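Working notes, beginning with the structure itself.
In this text, all values refer to a predicted model and were calculated from it rather than measured experimentally. Values below: all heavy atoms of this structure, side chains included; hydrogens, waters and symmetry mates excluded.
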Amino acid sequence: MEWRAFVQRYFDAVHQTILDGQYRRLLPFYREQKPLWQQEWVRIARAYQQMRKRGAALHGASGRVQPVCWLETEAAIDITVVWTGESRYLLKGRPYEEASSRMLQLRLDKAVGQWAIVGTREQRGDQKSGGEEERERQSNTSATTVEDAASQPLLVVHGAGGYQPEKAVAYAERYWNATNPAYPRFTDDCTNFISQCLHAGGIPMLMSKERGKGWWIRTGKSADWSYSWTVAHSLYLLLKSGGPPMRAVAKKSAAELVPGDIICYDFNGDGRVQHTTIVVAMDANQMPLVNAHTTDSSMRYWAYEDSTAYTPRIRYAFYHIRGM
């Protein structure tokens with residue numbers, strides 16, 4: 001079977017499983033890769049249950065596949081593809097469409113002439129390739145100094161500082177599955193994306209010569225950036241401080257947020273934030289729908305129970321953005 005036909009059959013099965021929650025039709029595509037199909041089934045089951053808990057009625061699922069790379073050896077052919085899928089549902093009579101992208105690794109075993117899925121990947125956390133988060137941990141300026149950014153006398157605020165959440169949301173909608181060429185793209189890009197959204201909404205950069213201070217990015221030949229611009233936990237500390245440039249206000253629940261606000265995710269419940277999203281809309285239950293990068297997502301339900309990074313220990317932090 002040609003790989004495109006295999007992928008088509010697989011995602012036809014995935015889309016049907018999204019609609020009815022019956023995962024066993026996926027098993028033949030994984031052959032002996034039991035941990036993989038169990039992981040995929042748990043993810044789809046959580047997504048299905050999350051929809052049901054919200055009172056949503058799924059009525060359609062579709063997607064498209066784009067090949068990324070191809071490697072052929074004497075024994076096998078390996079292909080990596082990106083799948084962008086859409087789920088359509090009704091909530092209190094109102095239509096919604098949620099979209100996300102995931103990477104899938106396929107392998108053809110030449111000895112038996114069969115394709116099988118040998119890997120799926122949904123990036124978790126916010127570790128820039130090359131150890132960005134680890135460098136932030138080991139920096140002489142620890143992450144806690146970000147929390148005191150407002151008291152640093154060498155920091156200079158650039159820009160007007162009035163936050164326009166509608167512009168942040170418009171940016172999040174424009175670039176949820178694309179890269180603005182004015183900025184670098186990281187392997188794990190969620191916080192870089194959220195920082196861009198906030199800046200597009202009018203939040204000024206808080207400049208510094210030290211990566212552990214302020215909130216900033218410089219592009220071009222001498223490109224550099226603060227940890228708070230690219231690392232989820234550092235941005236969380238800045239938001240938690242309530243200081244410039246966001247002057248964020250912590251909220252007790254997701255229901256208190258409005259479009260343009262930020263959600264931070266501690267998937268393991270260990271106090272270390274690994275992911276950030278921006279609220280782009282409220283659903284018919286007045287709960288947030290979010291956009292994000294890394295696993296590029298649009299109009300995704302805020303709780304992330306459908307993420308492979310989800311654990312029962314997950315903790316959230318909710319922030320309303322006021323601006324300068």
Side-chain angles (χ1 to χ4, degrees), residues 50 54 91 94 96 98-100 126 146-147 149-150 159-176 180 189-206 215 226 228-267 273-307 309-310 314-324:
Q50 181 174 263
R54 297 170 62 197
L91 183 62
R94 293 171 55 183
Y96 295 89
E98 177 180 317
S100 63
D126 195 343
V146 177
E147 207 164 340
Y163 187 50
Q164 300 178 63
E166 67 280 4
K167 290 187 176 181
V169 169
Y171 187 95
E173 293 288 4
R174 168 67 179 83
Y175 290 107
W176 77 266
N180 184 341
D189 198 56
C190 65
T191 302
N192 175 45
F193 174 65
I194 297 306
S195 292
Q196 292 174 37
C197 293
L198 291 171
H199 191 51
I203 299 297
M205 294 187 193
L206 202 58
W215 178 74
S226 66
S228 58
W229 187 278
T230 60
V231 178
H233 192 72
S234 291
L235 178 59
Y236 157 73
L237 291 174
L238 183 55
L239 295 170
K240 182 181 177 183
S241 75
M246 294 88 174
R247 296 200 182 278
V249 178
K251 297 295 183 179
K252 293 182 179 180
S253 71
E256 298 179 65
L257 300 178
V258 296
D261 288 345
I262 303 300
I263 303 177
C264 301
Y265 299 76
D266 170 6
F267 288 115
V273 167
Q274 300 126 324
H275 189 53
T276 49
T277 66
I278 183 169
V279 178
V280 295
M282 307 300 285
D283 70 12
N285 293 327
Q286 293 304 300
M287 297 302 289
L289 302 174
V290 301
N291 283 18
H293 268 197
T294 302
T295 295
D296 296 348
S297 302
S298 171
M299 297 285 282
R300 187 171 181 174
Y301 191 62
W302 70 271
Y304 262 63
E305 292 179 16
D306 56 341
S307 170
Y310 176 87
I314 192 170
R315 295 179 183 176
Y316 308 93
F318 310 107
Y319 292 103
H320 173 63
I321 306 301
R322 294 184 298 169
M324 298 295 292

### Task
Using the side-chain contact (heavy atoms from CB on, under 4.5 Å) rule, take Glu98 and Leu289 through it: C-alpha gap first, then chi angles, then the decisive distance, then the call.
CA-CA 9 Å; Glu98 177 180 317; Leu289 302 174; 5.7 Å; no
Residue set satisfying side-chain contact (heavy atoms from CB on, under 4.5 Å) with Lys251, at least two apart, ordered chain then number -> Val249, Glu256, Leu257, Phe318, His320
request  = Decide yes or no for Val280 and Val169: does some side-chain heavy atom of the first lie under 4.5 Å from some side-chain heavy atom of the second?
outcome  = yes
For Ser297 and Thr295, run side chain to side chain donor-acceptor pair (under 3.5 Å): C-alpha distance rounded to whole Å, both residues' side-chain angles, the deciding distance at 0.1 Å, then the answer. CA-CA 6 Å; Ser297 302; Thr295 295; 5.9 Å; no
Handout entry: Met246 and Leu238: CA distance, side-chain angles, deciding distance, side-chain contact (heavy atoms from CB on, under 4.5 Å) verdict
Key = CA-CA 8 Å; Met246 294 88 174; Leu238 183 55; 3.8 Å; yes
Heavy-atom nearest pair, Ala172 first then Ile278, reads CB-CG2, 3.8 Å
* Side chains of Trp229 and Met205: does their closest heavy-atom pair fall under 4.5 Å? -> yes
In terms of heavy-atom contacts, Ile321 and Ala248 come closest through CD1-CB, 4.0 Å
*asked:* Tell me whether the rings of Trp215 and His199 are parallel (<30°), tilted (30 to 60°) or perpendicular (>60°).
replied: perpendicular
Open item on the list: So does Ala303 get a backbone contact from the side chain of Tyr316, meaning a donor-acceptor N/O pair under 3.5 Å?
Closed with: yes
Please check this pair: side chain of Arg247 against backbone of Arg322, looking for a donor-acceptor N/O pair closer than 3.5 Å.
no
Between Pro165 and Gly260, the two heavy atoms sitting closest are CB-CA, 4.0 Å
Q.
Is the shortest side-chain heavy-atom distance between His275 and Ser307 below 4.5 Å?
A. no
Ring pair (Phe, Tyr, Trp, His ring centres under 6.0 Å) filter on Trp176, not counting sequence neighbours, yields none
On a heavy-atom basis, the closest approach of Ala254 and Pro288 is O-CG, 3.2 Å
Notebook entry, point to check: Is any side-chain heavy atom of Ile263 less than 4.5 Å from a side-chain heavy atom of Val279?
Noted result: yes
In short, Ala255 meets Met287 closest at the heavy-atom pair CB-SD, 3.9 Å
Requested in this report: Tell me, with the steps shown, if Trp302 and Thr277 meet side-chain contact (heavy atoms from CB on, under 4.5 Å).
Outcome: CA-CA 8 Å; Trp302 70 271; Thr277 66; 5.9 Å; no
- Does a side-chain heavy-atom distance below 4.5 Å link Ile262 with Leu198? yes
Tyr301 meets the ring pair (Phe, Tyr, Trp, His ring centres under 6.0 Å) criterion, sequence neighbours left out, with none
**Q.** 4.5 Å side-chain heavy-atom contact, Gln274 and Asp266
**A.** yes
- prompt: Is it true that Tyr310 and Phe267 have ring centroids separated by less than 6.0 Å?
  reply: no
* To do: Output yes when a side-chain donor or acceptor of Gln50 lies under 3.5 Å from a complementary backbone atom of Glu305, and no otherwise.
  => yes
Quick note, salt bridge (Lys or Arg N to Asp or Glu O under 4.0 Å) partners involving residues 276-294, not counting sequence neighbours, are Arg54-Asp283
d(His293 NE2, Thr191 OG1) to nearest 0.5 Å is 12.0 Å
- Can you tell me if Thr294 uses its side chain to pair, donor with acceptor, with the backbone of Asp189 under 3.5 Å? yes
Ser100 meets the side-chain hydrogen bond (donor to acceptor under 3.5 Å, both in side chains) criterion, sequence neighbours left out, with none
Hits for side-chain contact (heavy atoms from CB on, under 4.5 Å) against Ala317, two or more places apart or cross-chain, chain-then-number order -> Tyr236, Cys264, Tyr319
Taking the side chain as every heavy atom from C-beta outward, state whether Ser195 and Ile203 have any atom pair closer than 4.5 Å.
-> no
Looking only at heavy atoms, the pair that brings Glu173 and Ser298 closest together is OE1-OG, 4.0 Å
d(Tyr96 OH, Met299 CE) to nearest 0.5 Å is 7.0 Å
Taken to the nearest 0.5 Å, the spacing of Asn291 CG from Cys190 SG works out to 13.0 Å
Between Tyr304 and Val290, is there a side-chain heavy-atom distance shorter than 4.5 Å? yes
